[in-house]
Amino acid sequence: MSDFKIEQTKLTPRVALLKDGCEINIKGECLPEDARAFFKPILEWTEQIKSDSPPKITLNLDLPYFNSSSSKQLMKLFYLLEDYKEENEAVAIEVNWYYLEGDVLIFEKGEEFDELTELRFNIIKS
Amino acid sequence: MREINFDLVDNFDLNLWYCGKFNDSLTEYLIEMSSADSGDVGLGKSKKRVSFLMAESFQNIVRHGNANEDKEIKGGGFGIFNRNEKFHIFSSNSVSLDQAAVLEEQLSELSELDQDELKKRYLDKMRDGSFSDKGGAGLGLIEMARKSGNQIQYSFTNEANNQKEFNLQIDKALSKEEGEKPNLKIAESIDFLDSLRANGVLLLFKGDFDNEYANNLIHMLMENILKDEKEGYKMKVIFHIAIELIQNISRHGLKINGVTQGIFMLKQHNNSFEIVSKNYLSQENIEKLNKEFLILSKKSNIELVQIYKDRIRKNARDESKSGGVGLIDVMKYTNGQFAHVVEDKKTEKELTLTATVEL
């Protein structure tokens, strides 16, 4: 396993998947036309990193905007982490959901995902 | 209220109309949008020539229009439309009566000159260096006349408060055959712009919704039109709906001759925004959509949230299912003010989606 990065474009976020400390960082507007293709390597990396049995995985999501097809892909990512937690109770999984002050829409989306998953969500004003 | 003449829109492969504030960054996006290299619709190979004429036309608005303290020109209008090998670039903006007089004199003089004389006039102006503070001593106008190879169409209308509307149209044919056909008269463009304004249209785009076009449209909305801090949350909701409708055309629009033709409009009224999309749809997708609307339109917002959550949970576990949550999101954010109409067009069925967001 090695680190994996995707540079930010006009309509897609910067992605940095870091092996050390096992961090998944996604930052920026997320409006890919084909969300499944965009998230595929992120989901694959996450699936593979689980075989290293990391004691902690941190997911940092700073998405000022994302389209509805990305919602499904984000949910898939949450499920991967949820499954990992279910298999290894001792593992710590943290989701940091960032929103800009006053951005009610993204704050609400964070709350929605928090309700939809069993993961520990920190909704943080950035 | 006056109706928008969609027959005129249908007559052209690409239509991009904008009514609103003008600044330099918007210019860049509009050029990007109408000159994206994709599909058979649009400007394709003529990108460079068109970009040049568009830039000149924009600079004409920015140069001669009356800017506010944010260096923005308000109330201007811009349109580009093309079919086959011919395109038209139209602009409209307010100018002072003094400016109108100068422009009218310059344009009237230019209309008397042939290509050689235009070239000579251009070189003389360059040598002479008689540039005004606002730019180029009519250099832009000379260049437009030279590069289009056609007489510039212009008119001054709606005189009020010591201002006049300065309307300008450049017509460019890329083939001899097209060059022999009559140009669309500027009066028709002025009339069309008036109908857009009467309907509160900020932006109308008709073209191929594949790839670059749709992305450029989204990017322009993101960076320009919807950047209004005062109405932050609502603007974000409007943006969200706009993206969903634009991407809905790209994903589900019926491809005809390799092109996913569609129309996107953003309208602003006193207390609301309207986001409209039009595209062709297959019979199968129409039936699916009708069924979905029938179910969703009867639900309260609380029920919609529940359906959204159930669906996203289920679909994320099942690769065969598509998201299916975009429509629910739009329904939720518009408090049900989300209409769909299916009409029979020549050979296909056309879907119109209209989402209204109250401010």
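Letters A, B, ... mirror the listed sequences (proteins, then strands); counts begin at 1.
- Contact annotation for A:L105: both backbone and side-chain heavy atoms come within less than 4.5 Å of a heavy atom of chain B.
- Residue A:E101 places its CD atom among 12 or fewer non-hydrogen atoms of other residues, nucleotides or ligands, all under 6.0 Å distant.
- The distance between the ring centers of B:Y233 and A:F107 does not fall below 6.0 angstrom.
- Centroid-to-centroid, the aromatic rings of B:Y333 and B:F338 stay 6.0 Å apart or farther.
- Judged by distance alone, with hydrogens and angles left aside, the side-chain atoms of A:E118 form no donor-acceptor pair with the main-chain N or O of A:E82 at under 3.5 Å.
- If you measure heavy-atom distances from A:I106 to chain B, the contacts under 4.5 Å come from the side chain alone.
- Under 4.0 Å is where a charged nitrogen must lie from a carboxylate oxygen, and between B:D329 and A:K109 at least one such pair does.
- For a residue to count as touching a neighbouring chain, one of its non-hydrogen atoms must lie under 4.5 Å from one of that chain's; by this rule A:D103 touches chain B with the side chain only.
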Check the pair A:I24, A:L17 against side chain to side chain contact (heavy atoms under 4.5 Å, CB included), reporting the backbone distance first and the verdict last.
CA-CA 5 Å; A:I24 301 168; A:L17 312 177; 3.5 Å; yes

Verdict with reasoning, B:L14 to B:F205, per side chain to side chain contact (heavy atoms under 4.5 Å, CB included)
CA-CA 8 Å; B:L14 168 84; B:F205 173 75; 3.8 Å; yes

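- Of all residues spanning residues 299-310 of chain B, those with a heavy atom less than 4.5 Å away from chain A's heavy atoms are B:Y308, B:K309, arranged by number.
- Taking chain B as the reference chain and counting heavy-atom pairs below 4.5 Å, the highest number among A:K10, A:M75, A:E29, A:E115 is found for A:K10.
- Residues of residues 41-52 of chain A never come closer than 4.5 Å to chain B when only heavy atoms are counted.
- In summary, A:E108 and B:K236 do not engage in a salt bridge, as defined by a charged side-chain N under 4.0 Å from a carboxylate O.
- The residue from A:N25, A:N60, A:T58 that alone fulfils the side-chain hydrogen bond (donor to acceptor under 3.5 Å, both in side chains) condition with A:N96 is A:N60.
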Evaluate A:K76 against A:F39 for side chain to side chain contact (heavy atoms under 4.5 Å, CB included), listing each step before the verdict.
CA-CA 9 Å; A:K76 279 165 117 174; A:F39 276 89; over 6 Å; no

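- Looking at A:F66, the atoms closer than 4.5 Å to chain B (heavy atoms on both sides) all sit in the backbone: N, CA, C or O.
- By the 6.0 Å contact criterion, NZ on A:K40 is open, its count of non-hydrogen atoms from other residues, nucleotides or ligands being 12 or less.
- Electrostatic pairing of A:E112 and B:K332 counts as a salt bridge here, judged by a charged N lying under 4.0 Å from a carboxylate O.
- No part of A:Q73 comes within reach of chain B, as not one of its non-hydrogen atoms sits under 4.5 angstrom from that chain.
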